[in-house]
Amino acid sequence: MKSMSPVWHPFTQHALQPEAVLIAGGEGAWLEAADGRRIFDAISSWWVVTHGHRHPHIVQAIKDQVDRLDQVVFAGFTHEPAEKLARHLIRIAPPALEYVFFSDSGSTSVEVALKMALGFWRHQGESRSRILALEGAYHGDTVGGMSVGERGVFNAPYDPLLFDVERLPFPSVGREQATLDALNAACRKGAIAAFIVEPLILGAGGMLIYPPWVLAEMKRNCEAHGVLFIADEVMTGWGRTGTLFACEQASVAPDIACYSKGLTGGSLPLAVTLCRADIFDAHYSTDRTRTFFHSSSYTANPIACAAALANLEIWEREPVMERIAGVTAFHTKGLDGFRDDRRFANVRQIGTIAALDIAATDAGYMADIGPRLYRGFLARGVLVRPLGNTIYIMPPYCSTAGELDLVYDAIGEIAAEIE
Ligand SMILES: *Cc1c(COP(=O)(O)O)cnc(C)c1O
């Protein structure tokens, strides 16, 4: 039976899931459905909500900004929320990132990063235009993002549109050197403009974690060959991996960095691409053809920038790092119950992200196990969207031990049910 709604939802097979849950409200780590159900948001509404839904400081900042300025063209014009936000970001980001380009989503921040990298080389008269990426990577659903991301069922129909990239094997345990060797070999061939990578954990690719020393070595190798290093911290940014940015754990200073998701605390869409001064300088010229030709209508929307500024204030004023340490500890305790459980494999964690694979004969993303798990959690009042047979939990930082107990109890119950 087809739904009566004209809405076409993302990543949704409407023939198998005709009805969407109608949500009327959200508070802290909880969603409130129109039928009165309360649902614990164990995935931070697709990884964006960091301090909880409707944090009062962000809500107030949005209200105040609406009363002053809602939107203004950002070419030739600027506004205080954007200026203040850019300065603040430069202060807290890894060293040497000196310019901030605004866009609206993680995907567009990646497109901007790729265009910056190609412009950088072209304007210096060097013919470097190839991009390096990791196998299993996810960098968004626009054409550039899909091109540098893993190819598969998600983008097969669009394959004719996607550009070719050099792909490195994922640095799985014991195979890290193979990745670094492949990186070096690719760089030595020349023509590589940039390497784009998700630092420390591949998100949509299955919550696959690799150690900081590998990230540091990747950066070192890129530097040796003059290859630009793009850190896609769209998911890992804003405390997810236990530090404000994942690159910090490897003392890596990227040449270009993409931040979005938690940038506004998860309240409004906004993204930034930060870059080194020499990348800006390569475009800086009285020659108009060297202009950085990228924009979207809502670039640096003042209300979204005000929400991001409020988010940064929360990081300064509230014990966010303590909350992150709390969630991290609750995960470690919760996962402990499953480490020696033969129904699970690859029990893993980095900061506030916990993941484990449920043993299943048919385990791919398209397998029935994912939707079965999803329904099992939802029936227990928990929002979890497994990636195939990978269950992951990425809750808002305001989550309590009791709330996470609820999630871990649900995992145990569902595993027993499926067995
Ligand atoms: C989510 C994500 C993106 C895409 O962000 P959108 O806001 O959904 O466009 C890009 N890169 C990574 C690593 C992500 O996790």
Side-chain angles (χ1 to χ4, degrees), residues 9-12 43-50 101-117 131-152 154-155 158 162 165 167-168 170 194-210 215 218 229-241 244-247 252 254 256-274 294 296 298-301 304 307-308 311 350-353 355 365 385-387 390 392-395:
H9 288 269
F11 274 69
T12 300
I43 59 163
S44 301
S45 280
W46 253 346
W47 320 349
V48 301
V49 177
T50 47
F101 194 94
F102 288 95
S103 61
D104 322 300
S105 70
S107 302
T108 50
S109 73
V110 166
E111 301 286 338
V112 166
L114 298 173
K115 286 172 73 170
M116 279 179 177
I131 306 289
L132 270 171
L134 275 187
E135 274 172 10
Y138 178 79
H139 296 291
D141 283 336
T142 48
V143 168
M146 284 192 290
S147 296
V148 292
E150 176 74 14
R151 304 298 167 85
F154 303 100
N155 42 45
Y158 329 114
L162 306 186
V165 306
R167 202 83 57 185
L168 311 175
F170 176 77
F195 173 49
I196 182 164
V197 67
E198 294 161 89
L200 304 187
I201 176 168
L202 306 200
M207 300 298 160
L208 304 176
I209 300 167
Y210 64 93
L215 186 67
M218 287 169 171
F229 188 93
I230 304 173
D232 176 356
E233 292 232 29
V234 170
M235 179 190 83
T236 53
W238 312 108
R240 276 294 162 205
T241 67
L244 182 59
F245 301 116
C247 280
V252 158
I256 301 175
C258 306
Y259 307 121
S260 184
K261 294 196 168 115
L263 173 58
T264 59
S267 61
L268 285 171
L270 185 70
V272 286
T273 308
L274 274 59
H294 191 95
S296 41
Y298 288 100
T299 300
N301 171 263
N311 167 51
I350 181 167
T352 69
I353 308 170
Y365 185 93
R385 281 182 62 94
L387 298 158
T390 298
Y392 72 87
I393 311 159
M394 200 190 297

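Whatever order the structure lists them in is the order used to number ligands and atoms, beginning at 1.
Remark: distances from the non-hydrogen atoms of Trp46 to ligand 1 are all 4.0 Å or more. Proximity of Lys261 to ligand 1 is established by a heavy-atom distance of less than 4.0 Å.
The main-chain N or O of Phe245 is never found under 3.5 Å from a side-chain atom of Arg240 such that the two would form a donor-acceptor pair. Using modelled atom types, no side-chain atom of Asp232 and backbone atom of Ile196 make a donor-acceptor pair closer than 3.5 Å. Although no hydrogens or angles enter the test, the distance criterion places a donor-acceptor pair under 3.5 Å between the side chain of Glu111 and the main chain of Gly145. Looking at Asp104, its side chain never comes within 3.5 Å of a backbone N or O of Pro269 through a donor-acceptor pair. Listed for the Asn155 side chain is a donor-acceptor partner under 3.5 Å among the backbone atoms of Glu150. Listed for the Ser45 side chain is no donor-acceptor partner under 3.5 Å among the backbone atoms of Val49.
Ser103 has its side chain within reach of Ser109: a pair of non-hydrogen atoms, C-beta onward, lies under 4.5 Å apart.
Side chains of Glu233 and Thr236: a donor-acceptor N/O pair is present below 3.5 angstrom, by distance only.
Less than 4.0 angstrom separates some heavy atom of Gly140 from each of these atoms of ligand 1: 4 (C), 10 (C). Those atoms of ligand 1 with a heavy atom of Gly106 less than 4.0 angstrom away are 4 (C), 5 (O), 6 (P), 7 (O), 9 (O). The atoms of ligand 1 that sit less than 4.0 Å from any heavy atom of Trp47 are 15 (O). Which parts of ligand 1 touch Ser105 is read off a 4.0 Å heavy-atom cut-off, strictly below it: atoms 7 (O), 9 (O). Interface of Ser107 with ligand 1, defined as ligand atoms under 4.0 Å from a residue heavy atom, comprises 4 (C), 5 (O), 6 (P), 9 (O). Under a 4.0 Å criterion applied to the non-hydrogen atoms of His139, ligand 1 contributes the atoms 10 (C), 11 (N).
Looking at Glu198 next to ligand 1, no N or O pair under 3.5 Å apart turns up. Residue Asp232 has at least one N or O atom closer than 3.5 Å to an N or O atom of ligand 1.
Contacts of Tyr138 with ligand 1, taken as heavy-atom pairs under 4.0 Å, involve both backbone and side chain.
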